[in-house]
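Here is the structure we will look at, set down as structure tokens.
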2 protein chains.
Amino acid sequence: MQDKRVENARERVIESISKNMDIYSVTPSVGRLYGAMFFEKEPMTLDEMKDKLQMSKTSMSTGVRTLIDLNMVDKVWRKGERKDLYEVKSDWYQTFTDFFCIHWRKGIEMNRDACKESIAELMEVLDEDFSTEEKMMAEADLDKMSYALGYYEWLNKVVDLFESRRIFDVIDKEDELR
Amino acid sequence: MQDKRVENARERVIESISKNMDIYSVTPSVGRLYGAMFFEKEPMTLDEMKDKLQMSKTSMSTGVRTLIDLNMVDKVWRKGERKDLYEVKSDWYQTFTDFFCIHWRKGIEMNRDACKESIAELMEVLDEDFSTEEKMMAEADLDKMSYALGYYEWLNKVVDLFESRRIFDVIDKEDELR
DNA sequence: CAGTACATACAGAAAAAACTGTACAAACTA
DNA sequence: TAGTTTGTACAGTTTTTTCTGTATGTACTG
């Protein structure tokens, strides 16, 4: 019974992808949706997804929205088709770097801003106040924040490396076999 | 009132760190714990954490466990001290690469294995079965899986780049100011 | 224009996760 | 040894998230 074997093979990969999408903060259900869509030859409608995954259409709708927000899925236009069509973005390298860059950049920026603001505040205190105990406290915190700041600058450059695609000079893409 | 300003400065950074630790799949509470511990000059006890964060000791216990599992915090030994002491690992560059490597490696490996197994299964089918429809299906899936496999190999090399610390040749660490 | 097909907003149900207090075991103290 | 202190297992509670069904608005069709 070949049918079963082909189906099994596909299902195994879908399940694995689904399990490991937690790194993208994506729920297993949405991961399964992504996996299913990945293997579909043609762009899918919400109803097809619903049938495939045995879930409500509402869930498919929100799931797809999540994947679109993550830049992992595209809405597709096809004339004469009333239903919305969706397909997974075909360039996984791009998908990876996009996700990585957007999320890290956001976090880095927030933390960096907080550090900068607090460092300024502490410097003010150091200038004005001469209570030794207070000063030592402020200085210790200042050191920690400076260290953090340095780390965030570094991380920012790492993100630049991916965003600028220079990472592909450092690590060559595998030959695409398709 | 300098007291407040110093405290504010610290609190701002803790809160920011806490918010952005979702990238490490860490809950804001645990993130706050990490932030508080980061600024503490001396290693902390569970009771100190509990007082600081106004939460139950049980939560501190599980929170610290989480952070230790993530390689972000160390248990510290100090003679004559009955309570367990904890401090955050001081090398954030290492912490980052550790996390990145461990988590991505796990995901990559699982997906790669699933792909390999399924590719083998599909090749078997292609050898045996001559129904054209079946074959086309199997071949299409095989292509997708090969592409995925190539991507995982690439990603694996990226992880190598970090794990081997060669990343620091590509992106220099910021001068540590502390 | 009415009628149908579609996506999604919204409210509620179900499931999962976070958090707490109590109880208990292990390690220490006297 | 008996008596503390400390960390955590566990059960129950609260909060959050995920999922569903119904209802509604919009865009097509004839």
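Residue numbers start from 1 in every chain, and the chains themselves are labelled A, B, ... in the order their sequence lines are given, proteins ahead of strands.
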* Asked: Is any side-chain heavy atom of A:L46 closer than 4.5 Å to a side-chain heavy atom of A:D84?
  -> no

* Evaluate the criterion side-chain contact (heavy atoms from CB on, under 4.5 Å) for residue pair B:W154 and A:I167; output intermediate values, then yes/no. => CA-CA 11 Å; B:W154 176 78; A:I167 182 66; 4.1 Å; yes

* Asked: Would you say B:L33 and B:F39 are hydrophobically clustered, going by side-chain heavy atoms of ILVMFWY under 4.5 Å?
  -> yes

* **Residues forming a salt bridge (Lys or Arg N to Asp or Glu O under 4.0 Å) with A:E15, sequence neighbours excluded** => A:R32

Using distance only, find each side-chain donor-acceptor pair of residues 95-110 of chain B under 3.5 Å and give its atom names and separation, not counting sequence neighbours.
{"residue": "B:T95", "atom": "OG1", "partner": "B:D91", "partner atom": "O", "Å": "3.1"}
{"residue": "B:T97", "atom": "OG1", "partner": "B:Y93", "partner atom": "O", "Å": "3.1"}
{"residue": "B:T97", "atom": "OG1", "partner": "B:Q94", "partner atom": "O", "Å": "3.0"}
{"residue": "B:D98", "atom": "OD1", "partner": "B:Q94", "partner atom": "NE2", "Å": "3.1"}
{"residue": "B:R105", "atom": "NH1", "partner": "B:N156", "partner atom": "OD1", "Å": "2.9"}
{"residue": "B:R105", "atom": "NH1", "partner": "B:D160", "partner atom": "OD1", "Å": "3.0"}
{"residue": "B:R105", "atom": "NH2", "partner": "B:D160", "partner atom": "OD1", "Å": "3.1"}
{"residue": "B:R105", "atom": "NH2", "partner": "B:E163", "partner atom": "OE1", "Å": "2.5"}

* To do: Could you identify which residues of residues 53-77 of chain A place a heavy atom less than 4.0 Å from some atom of DNA chain D, listed by residue number, or say none?
  => A:M55, A:S56, A:T58, A:S59

* Please list residues of residues 80-87 of chain B whose heavy atoms come under 4.0 Å from any atom in DNA chain D, ordered by number; otherwise none. => B:R82, B:K83, B:D84

* To do: Applying salt bridge (charged side-chain N to carboxylate O under 4.0 Å, His left out) between A:E121 and each of B:K4, B:R10, B:R5, B:R12, report the one that passes.
  => B:R12

* Any side-chain N or O of A:T27 under 4.0 Å from OP1/OP2 of D:dT17? -> no

* To do: Using heavy atoms and a sub-4.0 Å distance, could you list which residues of residues 39-50 of chain A are near DNA chain C? By number, please.
  => A:L46

Only distances under 3.5 Å count here; give the side-chain donor-acceptor pairs of residues 49-61 of chain B to other protein atoms, sequence neighbours excluded, each with its distance to 0.1 Å.
{"residue": "B:S56", "atom": "OG", "partner": "B:S59", "partner atom": "N", "Å": "3.1"}
{"residue": "B:S56", "atom": "OG", "partner": "B:S59", "partner atom": "OG", "Å": "3.1"}

* Assign the ring pair B:F38 / B:W92 to parallel, tilted or perpendicular, where the plane angle (0 to 90°) is split at 30° and 60°. => tilted

* Asked: Between B:E81 (side chain) and B:K83 (backbone), is there a donor-acceptor pair under 3.5 Å?
  -> yes

* To do: Please answer: with hydrophobic residues joined when any side-chain heavy atoms are less than 4.5 Å apart, are A:F168 and B:I171 in the same cluster?
  => yes

* Structure fact -> Separation of D:dT17 atom P from B:D22 atom CG, nearest Å, is 11 Å

